[in-house]
Amino acid sequence: MCGIVGYVGSKEATPVLINALKKLEYRGYDSSGIAVLSDTADEILVKKAKGALKFLVERITDQVIEASKREDKAEAEKENDERFAAAVARTKDFVHGKLGIGHTRWATHGEPSDVNAHPHTDVSGSIAVVHNGIVENYAQLKAWLQEQGIVFRSQTDTEVIAHMINHFYGKSGDIFKAVLETIHRLEGSYALGVVCKAYPDRIIAARKESPLIVGLGQGENFIASDVPAILEYTRDVYFLEQKELAVLYADHVDLYNENGEKVIKKPYHVDWDISSAEKGGYAHFMLKEIHEQPKALTDTLRPRLVRDADGKPVDINFDEIDFGETWTGARRVVITACGTAYHAGVVAKYAFEHFARIPVVVDVASEFRYRNPILNVDDVFIVISQSGETADTLEAMRLAKNAGSRVIAITNCVGSTVSREADEVIYTWAGPEIAVASTKAYTTQLMCLYLLALKMGNARGTLELAEYRRLLSELDAVPEKVQQILDNQAGIQRFASQQFNKSKIFYIGRLFDSASSLESALKLKEVSYMHCEAFAAGELKHGPIALIDKNTLVVAIATQPKLYEKIASNILEVRTRGAVTMVITQDTSGAFNECTDEKILIPAADPALESMLAIIPAQLFAYYCAVQKGNDPDKPRNLAKSVTVE
């Protein structure tokens, strides 16, 4: 998730910008840069570097920041921080200016590199732009600009914005109007910071989907992606709403709506501590990331949907994947992963077999690599890893490559090992996930897998065109439906407060719901430390039902209408033996009213796609149980975010 900062005031801008970017490192990034309007030359000075902020500072000062050689880790970290701070303080001697913008980039379009790092400028270098988000129609805009003779220097979608602003600035001579004209033509999401050499007293900011705040200081003002960046300078902020713009001067800020009309609003006073501010006001990162899922799903889905003139999705466009003979002629799909990613693979097994009518093998990577697996050159081999560095998954991938299989990786981390070594890579645009227990990474993995399954079904002729497009419309509605669940979570929180002391919890389901049960149980184990297992509902009577008593909670996931009667029977089996029961369902007919203690109703969707919705209540239930028990859901004991050892 990229980070934006901006400063206008009486201080030297460069140290302020870099210190602010340092506060946004938790968001993750692969390159950084600043653009400062020079006090000593009539130009915008742009400095950019691939990698950590340290390399940007070294580029500005032309001095290497030596790493501490202390053996004690804590002392070394402290000394490294002191050396970095001293180097940042020196940057003002190299780049002079009281106005500037800065950025940490999480690569989307174009690999991490100095050239692709932000800020980006127009051809003349008189306009500089930093941008978070994705411009979905950048290809069309880029082609149009190239027809006007514009030569692009980077692979990014953001560079389009700089050239568009310059185009409209040439027509009106007004930078604000030029920005306004440009954003009206952008499809997708954006948070923007814009500076112009001809307007040395102001920064223009705009926001749609991607977050952006304005910080209000004394004789200075700021923009930032999140509060931590500017908390040491001010605690009074504007949270820009959808499609709002701001023009920042040293002594005041003007706010505008999308029509260019002035807006008056009251600043918000931040009274959080630094840790809370980084969480955007949420009590924990896990809760924040659960609530970020509508946007993460949208960012992952929308750029890959092809729409007709009416805006309806009609096809899937994976620029990363060649849907040729590898897919149409494949004999089977093999999926391997670990933990949560493995559970996404289990859901995908049902999806590929349902939509593409192709056999699927799903295996835990730690088992796969040791069991002398049978692999074929006509297999489609999919590996899934949130971090892209999971040791067992990497070894399984290498085994498949050596066997001649075509390897497709699904990961959230650009430049990770899995993304470099796979034949083709699909990125989940979830943004950095800080909480150890995965939430938004899992649902965006599901979104990518569903897209692949539908595209494969279409390519192989197992999905009629009308059905294919109907399912695309269903997928398009998923982020909004996830938001509906999040907006109505009171029942889940209340039920968690009543059941968090149960000694045994079981999740049950059938078909897709059986797969969802695996991840639901894992979430509860990870953060609440409650003993929880998942069973295919039909297997209850083959042994597990012996464990049922009054200290048991059974959660049934029931989103498959043709199996409502069967799952209701399973719920009754455990309820009559003393268990408390909850059902997560899209049913509105009342099929479960007489057999469950609590019903969590989720929005209706095609049963084959409900896995992305059914998991949301389970994530919330796990979170609230953890909080009730006094656990830190962000940092579960004994667990790490990325498992890089076997």
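In this text, all values refer to a predicted model and were calculated from it rather than measured experimentally.
The backbone N or O of F239 lies less than 3.5 Å from a partner atom in the side chain of K265, making a donor-acceptor pair. Looking at Q586, its side chain does come within 3.5 Å of a backbone N or O of A605 through a donor-acceptor pair. Side-chain N or O atoms of T585 include one that pairs as donor or acceptor with a backbone N or O of A558 at under 3.5 Å. For the pair S31 (side chain) and P112 (backbone), a donor-acceptor distance under 3.5 Å is absent. Side-chain N or O atoms of K23 include none that pairs as donor or acceptor with a backbone N or O of I230 at under 3.5 Å. The closest donor-acceptor contact from the side chain of R235 to the backbone of L231 lies at 3.5 Å or more, if one exists at all. The backbone N or O of S419 lies less than 3.5 Å from no partner atom in the side chain of Y427, so there is not a single donor-acceptor pair. Listed for the N221 side chain is no donor-acceptor partner under 3.5 Å among the backbone atoms of L248. Panel note: side chain R469, backbone V314; a donor-acceptor pair is recorded below 3.5 Å. Under the 3.5 Å distance criterion, the side-chain polar atoms of K48 are matched with a main-chain donor or acceptor of P119.
Of the residues V555, I584, I615, the one that meets the side chain to side chain contact (heavy atoms under 4.5 Å, CB included) test with S520 is I615. M164 pairs in a side chain to side chain contact (heavy atoms under 4.5 Å, CB included) with only one of the listed residues (V129, V135, V179, T182), which is T182. The only option from K523, E526, Q386, Q445 that meets the side chain to side chain donor-acceptor pair (under 3.5 Å) definition with T340 turns out to be K523. When each of N137, I134, L141 is checked for a side chain to side chain contact (heavy atoms under 4.5 Å, CB included) with D157, only I134 meets the rule. For the pairing with Q619, the side chain to side chain contact (heavy atoms under 4.5 Å, CB included) check across L524, T439, L287 returns one residue only, T439.
The neighbour count for K50 NZ, taken as heavy atoms of other residues, nucleotides or ligands under 6.0 Å away, does not exceed 12. Within a 6.0 Å radius of CD in E480, other residues, nucleotides and ligands contribute 12 heavy atoms or fewer. Atom NZ of K243 has 12 or fewer heavy atoms from other residues, nucleotides or ligands within 6.0 Å.
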TODO: Assess whether side chain to side chain contact (heavy atoms under 4.5 Å, CB included) is satisfied between L245 and I183, documenting all intermediate values.
DONE: CA-CA 10 Å; L245 298 90; I183 63 176; 3.8 Å; yes
Task: Worked check of side-chain hydrogen bond (donor to acceptor under 3.5 Å, both in side chains) between H109 and N116 - done: CA-CA 8 Å; H109 298 78; N116 288 333; over 6 Å; no
TODO: Show the numbers, then the answer: is there a side-chain hydrogen bond (donor to acceptor under 3.5 Å, both in side chains) between D634 and H284?
DONE: CA-CA 6 Å; D634 289 343; H284 299 95; 5.4 Å; no
Open item on the list: Checking S438 against E433 for the side-chain hydrogen bond (donor to acceptor under 3.5 Å, both in side chains) test, could you report, in this order, the C-alpha distance in whole Å, the side-chain angles of both residues, the deciding distance, and whether it holds?
Closed with: CA-CA 7 Å; S438 180; E433 195 177 58; 3.1 Å; yes
- [ ] Please lay out, stage by stage, how L186 and Y138 fare under the test side chain to side chain contact (heavy atoms under 4.5 Å, CB included).
- [x] CA-CA 8 Å; L186 301 181; Y138 90 99; over 6 Å; no
Open item on the list: side-chain hydrogen bond (donor to acceptor under 3.5 Å, both in side chains) for Y624 and Q489? Distances and angles first, verdict last.
Closed with: CA-CA 11 Å; Y624 285 119; Q489 61 179 278; 2.5 Å; yes
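Here CD1 of I485 is found 6.0 Å from CD1 of I616. Values are rounded to the nearest 0.5 Å. The CG atom of D513 lies 12.5 Å from the OH atom of Y507; values are rounded to the nearest 0.5 Å. A distance of 11.0 Å separates OG1 in T300 from CZ in R302, rounded to the nearest 0.5 Å. Rounded to the nearest 0.5 Å, atoms CG (L463) and CG (L454) are 6.5 Å apart. Residue L472 holds its CG atom at 14.0 Å from CZ of R304, rounded to the nearest 0.5 Å. Separation of atoms CE (M456) and CZ (F352) is listed at 6.5 Å; rounding is to 0.5 Å.
Taking the six-membered ring for Trp and thresholds of 30 and 60 degrees, H354 and F512 have ring planes more than 60 degrees apart, a perpendicular arrangement. The aromatic rings of F176 and Y256 are tilted relative to each other, their planes meeting at an angle between 30° and 60°.
Side-chain contact check for S225 and N132: at least one donor-acceptor pair (N or O, by modelled atom type) lies under 3.5 Å. Side chains of D487 and Q483: a donor on one and an acceptor on the other come within 3.5 Å. Checking Y442 against H343 by side-chain atom types alone, no donor-acceptor pair falls below 3.5 Å. A donor and an acceptor atom, one from each side chain of E159 and H120, are nowhere located under 3.5 Å apart.
S387 and T411 make their closest contact through C-OG1, 3.8 Å (heavy atoms, listed as atom of the first residue, atom of the second, distance). Shown here for T443 and Q293, the closest heavy-atom pair between the two residues is OG1-OE1, 2.9 Å. The two residues P603 and L613 make their nearest non-hydrogen contact at O-CD1, 3.6 Å. Of all non-hydrogen atoms in S516 and V347, the two that sit nearest each other are N-CG2, 4.4 Å. In terms of heavy-atom proximity, S189 sits nearest to D299 at OG-OD1, 4.0 Å. Between V482 and M612 the shortest heavy-atom distance is CG2-O, 4.1 Å.
In this structure, F222 and T234 have side chains that are in contact, with non-hydrogen atoms separated by less than 4.5 Å. Taking the side chain as every heavy atom from C-beta outward, T393 and I384 never approach each other to under 4.5 Å. Within the 4.5 Å cutoff, no side-chain heavy atoms of I335 are placed close to those of Y342. Counting heavy atoms from C-beta outward, V237 and P267 have side chains that stay 4.5 Å or more apart. Taking the side chain as every heavy atom from C-beta outward, L620 and L486 approach each other to under 4.5 Å. Side-chain contact between P617 and I602 is present, with at least one heavy-atom pair separated by less than 4.5 Å. Contact of the L180 side chain with the E258 side chain is not registered, since no non-hydrogen atoms from C-beta on lie closer than 4.5 Å. With contacts defined as side-chain heavy-atom distances shorter than 4.5 Å, the pair N317/L305 does not qualify.
Within the cation-pi definition used here (under 6.0 Å to the ring centroid, within 45° of the axis), K142 qualifies as a partner of F152.
The pair D315-K455 meets the salt-bridge criterion, since a charged nitrogen lies less than 4.0 angstrom from a carboxylate oxygen. E292 has a carboxylate O that lies under 4.0 Å from a charged side-chain N of K440, or vice versa, which qualifies the two as a salt bridge.
Partners of K262 under the salt bridge (Lys or Arg N to Asp or Glu O under 4.0 Å) rule, at least two apart in sequence or in another chain, are D254.
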